[in-house]
Amino acid sequence: MDDNLDELEKLAQSAGAEVVGRFAQRLKRISPATLIGKGKVEEILTYLKEVTPDLVIFDEDLSPAQQRNLESAFQLRVIDRSQLILDIFAQRARSNEGKLQVELAQLEYLRPRLTRQWTHLSRLGGGIGTRGPGETQLEVDRRRVRERIATLKRRLATVERTRFIQRRERLEVPYATVALVGYTNSGKSTLMNALTRAGVVVEDQLFATLDPTIRCLRLPGGDQVMVADTVGFINKIPHSLIEAFKSTLEEVRCADLLLHLVDVTHPLCEEQVEVVEAVLRDIGAGDTPYLMAPNKIDLLPEGHFKRFAGDGAREVCPISALSGEGIGQLLEAIGKILDQGKERTAFCFAPSQGSLLSLLRRQGRILEETYEEDKIHVTALLTPKLAGQMRKWLAANGP
């Protein structure tokens, strides 16, 4: 329970809040009206009168009725974990797509909570169909929210089409894609910068990076791959966020290999691994091959590294993204895993197809090369993606 509150406190601090107190309660039965028990409500109220804070945050999701009842009891604004995460996302979104995604998630969250927001306005009665100002304003707000959600979905659909076209164009370039995944603040952006000098913002905060970044990386064997840095995952992530960020998370689902970073210094690192794996299954990436990279080993006392079993992982490579320790072995492991999916393929090139042969030399591994008077026979080891593209290009660019 303390660990959950620790994470909630860090979320609050990431949002810019100062935490002045925290309470916990083990519930045998959840109160439909206030989530927590009546005695705990009174205990918190007494404390609130002493410290006079501006906001109360609950770690569990609150129903609209529970949120209203608690605000009425505390005479303060009350939010839950989901709303806090949405607020952090709203602060960190930089791209147009990210802002649209966050706003959509916020409105989807807000929509069922509009009820009784206008109770300070009187309701008129006495006639069939008669509506007072409060009810009228509520209906206006509901309609505006529905219209805004519809507008955002249309704009996001356009953005998703653009991203789909960009993704399809990348698929035309025969590079394998490696997606960095992990719990928030596990060091993905630090590793991205170490591997590709991408210049991604790195901060010791939750959700410091929201917008995906994609860069090219050359492996020790000479192969080039595309590396994608994506938003971090967290326990009890709002479903509306997953839905809104589905186009961004598509980068993870379409990757050839996942690089799962784990913060080994965190006391709940094993539970964080389970959370990440659960989210990957939710977005349809549960069967994608992955390599586990326990990170921040430079911060552990010597001899205290806990060996991860890596259940389901192709390899386990302990690293320090900050100091660079283990990065070389990590790159070799990535190349080794991607090599396992390569196939031996034979091609025949005409002298006029020298550019395609050069591409094959750069992206594939030449096993055999023989020359005839007007033909060049090549046997190479290459990815199925590149093999398919080479056949397509050779057919379209005949002698």
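Pairing each heavy atom of R29 with each of P32, the nearest pair is NH1-CD, 4.3 Å. Between A255 and T288 the shortest heavy-atom distance is O-CG2, 3.5 Å. Minimum heavy-atom separation, K236 to I85: O-CD1, 4.3 Å. Nearest approach of A12 to V19, heavy atoms of both residues: CB-CG2, 4.0 Å. What you find for R253 and G284 is that their closest heavy atoms are CG-O, 3.5 Å. Taking every heavy atom of both residues into account, L331 and L195 meet most closely at CD2-CD2, 3.7 Å.
Side chain to side chain, Y109 and D80 meet the donor-acceptor criterion of an N or O pair below 3.5 Å. Using a 3.5 Å distance cut-off with no hydrogens or angles, the side chains of E372 and H377 do pair a donor with an acceptor. Side-chain N/O atoms of S189 and D229 include a donor and acceptor closer than 3.5 Å. With hydrogens and angles left out, the side-chain atoms of D298 and S323 include no donor and acceptor closer than 3.5 Å. The closest side-chain donor-acceptor pair between D87 and Q91 falls under 3.5 angstrom.
Counting heavy atoms from C-beta outward, K188 and S186 have side chains that approach closer than 4.5 Å. A 4.5 Å side-chain heavy-atom check between V56 and L70 finds every atom pair outside the cut-off. Looking at N295 and T190, their side chains never come closer than 4.5 Å, going by heavy atoms from C-beta outward. A 4.5 Å side-chain heavy-atom check between R281 and E277 finds at least one atom pair inside the cut-off. Looking at heavy atoms from C-beta onward, Y183 lies out of side-chain contact with V273 at the 4.5 angstrom threshold. Within the 4.5 Å cutoff, the side chain of V225 has no heavy atoms near those of the T177 side chain. The shortest side-chain heavy-atom distance between L191 and I327 falls under the 4.5 Å cut-off. The shortest distance between side-chain heavy atoms of V252 and I283 falls below 4.5 Å.
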### Query
Going through the checks in order, is the side-chain contact (heavy atoms from CB on, under 4.5 Å) test met by I234 and L11?
CA-CA 10 Å; I234 196 168; L11 282 169; 3.8 Å; yes

### CA sep, side-chain torsions, deciding dist, call: F58, I36, side-chain contact (heavy atoms from CB on, under 4.5 Å)
CA-CA 10 Å; F58 277 72; I36 56 178; 4.0 Å; yes

### Task
May I have the step-by-step check of side-chain contact (heavy atoms from CB on, under 4.5 Å) for T213 and V227, ending in yes or no?
CA-CA 8 Å; T213 303; V227 181; over 6 Å; no

### Task
Show the numbers, then the answer: is there a side-chain contact (heavy atoms from CB on, under 4.5 Å) between R111 and R142?
CA-CA 7 Å; R111 182 161 55 174; R142 283 174 172 166; over 6 Å; no

#### Entry: Verdict with reasoning, K336 to E315, per salt bridge (charged side-chain N to carboxylate O under 4.0 Å, His left out)
CA-CA 10 Å; K336 177 182 174 183; E315 295 278 351; 3.2 Å; yes

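In the displayed structure, L299 atom CG is contacted under 6.0 Å by more than 12 heavy atoms of other residues, nucleotides or ligands.
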Donor-acceptor list for residues 257-266 side chains, cut-off 3.5 Å, not counting sequence neighbours:
unit_1, atom_1, unit_2, atom_2, d
D263, OD1, T265, N, 3.0
D263, OD1, T265, OG1, 2.5
D263, OD2, T265, OG1, 3.4
D263, OD2, K296, NZ, 3.3
H266, ND1, L268, N, 3.0
H266, ND1, Q272, NE2, 3.4
H266, NE2, Q272, NE2, 3.3

Only distances under 3.5 Å count here; give the side-chain donor-acceptor pairs of residues 43-50 to other protein atoms, sequence neighbours excluded, each with its distance to 0.1 Å.
unit_1, atom_1, unit_2, atom_2, d
E43, OE1, K40, NZ, 3.1
T46, OG1, E42, O, 3.0
Y47, OH, V20, O, 2.6

Donor-acceptor pairs under 3.5 angstrom involving side-chain atoms of residues 148-158: please list them, not counting sequence neighbours.
unit_1, atom_1, unit_2, atom_2, d
R148, NE, E103, OE2, 2.7
R148, NH2, E103, OE1, 3.0
R148, NH2, E103, OE2, 3.2
T151, OG1, E147, O, 3.0
T151, OG1, R154, NH2, 3.3
T158, OG1, R154, O, 3.3
T158, OG1, R161, NH2, 3.2

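With D59 as reference, R81 is the one residue of R22, K10, R81 to meet the salt bridge (Lys or Arg N to Asp or Glu O under 4.0 Å) rule.
Between atom CG of residue L76 and atom OG1 of residue T52 there is a gap of 9.0 Å, rounded to the nearest 0.5 Å. Once rounded to the nearest 0.5 Å, the distance linking CG of L219 with CG of L217 reads 5.0 Å. Taking CE of M292 as the start and CD1 of I319 as the end, the distance is 12.0 Å to the nearest 0.5 Å. Here SG of C216 is found 5.5 Å from CE of M226. Values are rounded to the nearest 0.5 Å. Distance OG1/T379 to CZ/F347: 9.5 Å, rounded to 0.5 Å. Of the inter-residue distances, the one linking N193 atom CG with L322 atom CG reads 11.0 Å to the nearest 0.5 angstrom.
For Q66 (side chain) and S31 (main-chain N/O), a donor-acceptor pair under 3.5 Å exists by modelled atom type. Between the side chain of S72 and the main chain of R68, no donor-acceptor pair closer than 3.5 Å is present. A donor-acceptor pair is defined here as one N or O able to donate and one able to accept, closer than 3.5 Å; such a pair exists between the side chain of Q25 and the backbone of G37. Of the possible polar contacts, none joining the N69 side chain to the T34 backbone as a donor-acceptor pair under 3.5 Å is found. Side chain of Q329 to backbone of C317: no donor-acceptor contact under 3.5 angstrom is found. Between the side chain of E71 and the main chain of V78, a donor-acceptor pair closer than 3.5 Å is present. No donor-acceptor distance shorter than 3.5 angstrom exists from the side chain of S14 to the backbone of I88, with no hydrogens or angles considered. A donor-acceptor contact shorter than 3.5 Å links the side chain of Q353 to the backbone of A350.
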